[in-house]
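Keep in mind it's a predicted model, so treat the numbers as computed, not measured. Hydrogens, waters and symmetry mates are skipped; everything else that's a heavy atom, side chains included, is used.
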Amino acid sequence: MAIASPSVPSFSASFCCIRTESSVGFTRFPSIALAHTRGVRTHPLIRRLAVSSRLNSSTPSGAGGSISPENGDMQYELFHGFSPQRRTGSPVYVTLPVDAVSPNGQVRRRKVMIQSFRALAMAGVEGVVMEVWWGLVERNQPMFYDWKGYLEIVELARKCGLKVRALLAFHQCGTSPDEPHWIPLPLWVLEEIDKDPDIAYSDRFGRRNMEYISLGCDTLPVLHGRSPIQAYTDFMRNFRDTFRLFLGVIITGIQVGMGPGGELRYPSCPSQMMAWTWRFRGLGEFQCYDKYMLAALGACAREMGMREWGQGDPLGTGSLMQNPEFTEFFKSYTGSWRTPYGEFFLEWYSKMLLLHGERICREAETIFRGTEVNISAKVGSIHWHYDKESHPSELTAGYYTTSSRDGYLPIARMFGRYGFTLCCSSFEMKDVEEKLMNPFSSPEGFLMQLLWAARRCGVPLEGENSAADMDDSSFQQIAKMAKFYSDGLEKPSFSFKFVRMHKNMFEYNNWRRFSNFVRQMSSGDIFRAKLDCGGDINHFPTFVTADVAKVGISFTYC
């Protein structure tokens, strides 16, 4: 069955901004013809498009555009004026709402999305991030893919002069069907989990986590004769074939999901708790009690000649909300995490996670090789026990990092081997604020360790925010951490994803702050400022044209 590409009506747009540059540079992209393509069990029919554009990846300080049909084809011409310093700065992307595409494959609130895209382009945003949900695209049957809503988003972004980064989300969104943005795993996958519950992660209490398939069965044919890695690979390959002629031109980045929340980690804390557990110091639970993980642990213990070590996670890990100092395993100086058994288990647990990441990296690098897209993956920002010797919440998530061991360096090295960019959130968070609620938390300490690992391995970086509503101080903190990563690098490669587009973002004051931040990051001047790791870096004067700022009060995205 093939699905025809969505019909996209033409429209004309004209934007005007105050410009100060005396000259404008353009880069001409070659004309691109997107012909109908057809594949087995796919829906990649794309209308033939004739694209003629004068685009530059630089920040526009003025823009204008028009789109008109010609001989049945869509043609457009967008003009952007750019500052010549743009390439010395960092591009900013904006993540779209979770429900940008409905379960039936339709783009939600299409007219408002067009207005939003226009405003983002005027503010100098480089592009948008669209989450491509496995549970929507391959929803009903294995290897039957429905991309039409995502094709339309890419088309809308193209018209507005925006780039696209695609986040291939192989995890569940939300925690229950009662939530407004509930997106489960594909229905046929859930049917297989019903038949074999061990496909899902389990903790010592037998609680199943349905957010992501257990990595213990990565290479086993548990999904209609395919392994999970094969299912992810087929999905990525079909995405590549469907969007091939957009890759490297409009779609410039692909983030590959590797776990719950799209992050390379175990679901040690359920997602519904991740938004607040750091304030309540949740330890997390080791996820190694499905039969596949237990089999792998037992095999490793037998190889070590310590068969008794293969029964499950360590004893004495306490309860989720317990103070780690009151547990046998996690307490700082005499905890059993320091014993030979503790080291064995943590080494095995973290290496299983690394092996999972390596499998996906290898497949993704092969599939997207030659497409000229940047490939990235995300590491979880788990900082609420960072100042404890044992780093318990990081250990249960699969990051074997302690006061004497760097668990992020092996991950950065792996990403470096496959040419991946490392993505992480919490860039706006400050120790001085977080420690008022949790004295053991250190988002800045965690992030600096991760950024240093990326620098050391020559891995590019994508930053994200954790909170959607931010003040000037939060934006300043993002710039500070970006500077920490880029300072002294000959060719720093940093970009930022604002998470996410919502109606409050376009409120006048919020829009003014956001637009100012985009221009600061894009200008490149921020990376020439003096770095001060103990405080805020230089804050640049606010300069947002009245025309761009007023866009924020003309509409809202809801």
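The side chain to side chain contact (heavy atoms under 4.5 Å, CB included) with Val164 is formed by just one residue from the set Leu96, Ile251, Leu247, Ile254; it is Ile251.
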* To do: Evaluate side-chain contact (heavy atoms from CB on, under 4.5 Å) for Arg240 paired with Met236, printing each intermediate quantity in order.
  => CA-CA 6 Å; Arg240 179 203 63 192; Met236 289 189 286; over 6 Å; no
* Take Ser466 and Ser426 through the side-chain hydrogen bond (donor to acceptor under 3.5 Å, both in side chains) test and state the conclusion after the steps. => CA-CA 5 Å; Ser466 296; Ser426 300; 3.1 Å; yes
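Side-chain N or O atoms of Asn510 include one that pairs as donor or acceptor with a backbone N or O of Asn504 at under 3.5 Å. A side-chain donor-acceptor contact under 3.5 Å links His356 to the backbone of Met258. Panel note: side chain Glu507, backbone Asn509; a donor-acceptor pair is recorded below 3.5 Å. A distance-only check finds a donor-acceptor pair linking the side chain of Lys148 to the backbone of Asn104 [under 3.5 Å]. For the pair Ser227 (side chain) and Asp218 (backbone), a donor-acceptor distance under 3.5 Å is present. Side chain of Arg108 to backbone of Ala100: no donor-acceptor contact under 3.5 angstrom is found.
For Arg456, the CZ atom sits in a loose shell: 12 or fewer heavy atoms of surrounding residues, nucleotides or ligands are nearer than 6.0 Å. Heavy-atom neighbours of Trp188 CH2 from other residues, nucleotides or ligands within 6.0 Å: above the threshold of 12.
Here Tyr508 and Trp511 keep their ring centres 6.0 angstrom or further from each other. Taking the six-membered ring for Trp and the full ring otherwise, Tyr408 and Tyr399 have centroids separated by under 6.0 Å. Checked against the 6.0 Å centroid threshold, Phe243 and Phe239 count as a close aromatic pair. For Phe235 and Trp147, the distance between ring centers is under 6.0 angstrom. Taking the ring centroids of Tyr232 and Trp134, they lie under the 6.0 Å cut-off.
Val92 is not listed as a side-chain neighbour of Glu126, based on a closest heavy-atom distance of 4.5 Å or more. For the pair Met143 and Asp234, the minimum side-chain heavy-atom distance is below 4.5 Å. You'll find the side chain of Asp471 reaches within 4.5 Å of the side chain of Ser474, heavy atoms only. Using a 4.5 Å cut-off on side-chain heavy atoms (C-beta onward), Leu264 and Lys378 make no contact. Contact of the Lys497 side chain with the Cys423 side chain is registered, since non-hydrogen atoms from C-beta on lie closer than 4.5 Å. Taking the side chain as every heavy atom from C-beta outward, Leu162 and Ile250 never approach each other to under 4.5 Å. Counting only heavy atoms from C-beta outward, the side chains of Val107 and Met113 approach each other to under 4.5 Å. Asp472 has its side chain out of reach of Gln476: every pair of non-hydrogen atoms, C-beta onward, lies at least 4.5 Å apart.
Interatomic distance, Asn516 CG to Met521 CE, rounded to the nearest 0.5 Å: 12.0 Å.
Between the side chains of Glu462 and Tyr93, no donor-acceptor pair of N or O atoms lies under 3.5 Å. Looking only at atom types and distance, the side chain of Thr219 has no donor-acceptor partner in the side chain of Arg359 under 3.5 Å away.
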Run the side-chain donor-acceptor check on residues 360-368: report pairs under 3.5 Å with partners two or more places apart or on a different chain.
| unit_1 | atom_1 | unit_2 | atom_2 | d |
| --- | --- | --- | --- | --- |
| Glu365 | OE1 | Arg369 | NH2 | 2.6 |
| Glu365 | OE2 | Arg369 | NE | 3.1 |
| Thr366 | OG1 | Arg362 | O | 2.9 |

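Between Phe494 and Phe427, the ring planes are tilted. Angles from 30° to 60° get that label. In this structure, Phe517 and Phe496 have perpendicular ring planes: the angle between them is above 60°, well past the 30° mark.
Contact check on Glu131 versus Arg500 returns a salt bridge, with a Lys/Arg side-chain nitrogen under 4.0 Å from an Asp/Glu carboxylate oxygen.
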